[in-house]
Number of protein chains: 2
Amino acid sequence: MEWSIQDVARLAGTTSRTLRHYGELGLLTPSRVGGNGYRYFDQDCLVRLQRILLLRELGLGLPAIAEVVNGAQRDTVAALRTHLDLLEQERERIGRQIESVKTTLRKTEEGEQLMAEEVFDGFDHTQYEQEVTERWGREAYQRGDRWWRSLSDAEKAAFKQRQVDIAKAFAGALLAGLPADDDRVQAITQRHFDWLSISPSPTRGHFVALGEMYVADPRFTDAYDRHGTGTAVLVRDAMKVFAERNLND
Amino acid sequence: MEWSIQDVARLAGTTSRTLRHYGELGLLTPSRVGGNGYRYFDQDCLVRLQRILLLRELGLGLPAIAEVVNGAQRDTVAALRTHLDLLEQERERIGRQIESVKTTLRKTEEGEQLMAEEVFDGFDHTQYEQEVTERWGREAYQRGDRWWRSLSDAEKAAFKQRQVDIAKAFAGALLAGLPADDDRVQAITQRHFDWLSISPSPTRGHFVALGEMYVADPRFTDAYDRHGTGTAVLVRDAMKVFAERNLND
DNA sequence: CGTTGACCTTGACGTTACGTCAACTTCTAC
DNA sequence: GTAGAAGTTGACGTAACGTCAAGGTCAACG
């Protein structure tokens, strides 16, 4: 089963523009892109979109959402459980808001003095951003951290050095004016892929999304562009080509 | 009792910048401005801010919120009741969302096929804008009703007669096959507008909404269609054209 | 009395998450 | 085969603030 971009937009109560936007950010990659460029989405995409919209409603920014749905939680089921938790919390918050308004209503009717804090109980919903990133951040961080700390100092240094070497190689390719689909660039991308594959092996969509993140997240672009401005963009393009040639979804 | 801008920001879980922004838009004027330019807010301001934040959470744009809190609902208590209703609705929507996610969770765990519509049940929260403006229209009608009952019998009779004259004129135009944007029809609409303006002068949106009410409310359609079937529809269309040409929002 | 630090002001420009054309291609259906 | 709905990629616009910059105000403490 497969849906067109308009189908999905209507189903989710959003617009096709929004879906394309999410595509650009590597948030929601179509499961299939036709030879004509048309985007098609499958069931997994729908579940992913459900998660995205949930997180958005909880007030998270799109980059934060990207980190959550791309990186951390490979386990969809666990992620959905967390979402349920947050939704319950949200419902409870609405409940507190209702009580607030009821109080305001009653006291206004009776001309009674009302207390400032109770007027706004349940109104601050900026808490979620923290809560969510904390929850997922902790999890992702712990996984990464455990792995990282399991390395010896020499291994750590080697890992860092490999990233620097690869970044330099990309920067050199950029300087030489090589296109993303050049064989030599793709060879570097293979090294890059291997380097990333030390952690659980990524699918095609995953790899492409990772590429998009490079140009979106300043932390990553810095790591690459310090070796030459524009390197990060080349890396992303090269990753896209690499994914199409070598990975299956 | 009086609060500084920072006090209010902290109480409401927002920022001072936001409060200043609302001030610029005429959404929330400080109850007092010191000789030094400092803004101070009293209890009424807090209640007003509560309403603003509520409407914002329901997805309304700031101009729409301005219309609601400035224009129509002078009666704070009635407004708060409406808000309570909307909040209950919102809570119910969250409930539907929770069910959606639960379904997704269960079916994902069991590897079952999931249905597209149920994945996104409760996700579209664009409905509120409509709902709120609709209610605002109803409320405006009720205000009109109170005004009506305050008139003497003679005044009521005169008012009715004018309506009948206008309705007959519209019916005649309909019989002659004139379109809504015909000058003669628009002249009648001007009379109609003047007739309505006896009650507080309407904005463009208000006038158009009133037109829509004519075809929705049987009490009104009767009053016009008795002079010829289809008159109410013509009236609505003519009002729309008139509003576009002569009224500003 | 001076100064330190928290708080206030008014601009003015930056940012996020899309909305909204524009210009063009592609599928669907009579 | 032609209309019309739906798709594409840019590119620019916008709403609701965030974020400086440059400066005035106020309580308090030494």
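Atom set for the values below is all heavy atoms of this structure, side chains included, hydrogens, waters and symmetry mates excluded. Below, chains carry the letters A, B, ... as their sequence lines are ordered, and counting in each starts from 1.
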Whole-Å distance between [N] [atom2] and [X] [atom1]?
| X | N | atom1 | atom2 | result |
| --- | --- | --- | --- | --- |
| B:Glu57 | D:dC17 | CD | C1' | 16 Å |
| A:Leu55 | C:dT16 | CG | C1' | 17 Å |
| B:Leu60 | D:dA16 | CG | P | 10 Å |
| A:Arg10 | D:dA5 | CZ | P | 12 Å |
| A:Leu19 | D:dA6 | CG | P | 15 Å |
| B:His21 | C:dT10 | NE2 | C1' | 15 Å |
| A:Ile5 | C:dC27 | CD1 | P | 16 Å |
| A:Glu24 | C:dC18 | CD | P | 12 Å |

Should [X] be listed as having a side-chain N or O under 4.0 Å from OP1 or OP2 of [N]?
| X | N | value |
| --- | --- | --- |
| A:Ser16 | D:dA6 | no |
| B:Gln6 | C:dC8 | yes |
| A:Ser4 | D:dA6 | no |
| B:Arg20 | C:dT10 | no |
| B:Thr15 | D:dC17 | no |
| A:Tyr22 | C:dA17 | no |

Exercise for the section: Give the nucleotide from the list D:dC17, C:dT10, D:dA6 with an atom nearest to the side chain of B:Arg17. Expected result: D:dC17

Problem - Minimum-distance nucleotide to B:Thr18 side chain [options: C:dA17, C:dT9, D:dG18] - result: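 Of all the options, the side chain of B:Thr18 is nearest to D:dG18.
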
Distance only, no hydrogens: is a donor on one side chain within 3.5 Å (strictly under) of an acceptor on the other, for [X] and [Y]?
| X | Y | result |
| --- | --- | --- |
| B:Ser4 | B:Asp7 | yes |
| B:Thr103 | B:Ser100 | no |
| A:Arg48 | A:Tyr22 | no |

Problem - Neighbour count above 12 (heavy atom, 6.0 Å) for A:Arg184 CZ - result: no

Exercise for the section: Only counting residues at least two apart or in another chain, list the ones meeting side-chain hydrogen bond (donor to acceptor under 3.5 Å, both in side chains) with B:Glu90. Expected result: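 side-chain hydrogen bond (donor to acceptor under 3.5 Å, both in side chains) list for B:Glu90, sorted by chain: B:Arg93, B:Tyr128.
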
Practice task
Can you sort out the partners of A:Ala12 under side-chain contact (heavy atoms from CB on, under 4.5 Å), two or more places apart, ordered by chain and number?
Solution key: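 By the side-chain contact (heavy atoms from CB on, under 4.5 Å) rule, A:Ala12 matches A:Thr14, A:Leu49, A:Leu53, B:Phe120.
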
Problem - Salt-bridge present (B:Lys107, B:Glu118; N to O < 4.0 Å) - result: yes

Exercise for the section: Specify the residues of residues 29-42 of chain B, ordered by number, for which at least one heavy atom lies under 4.0 angstrom from an atom of DNA chain C. Expected result: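 Those residues are B:Gly37, B:Tyr38, B:Arg39.
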
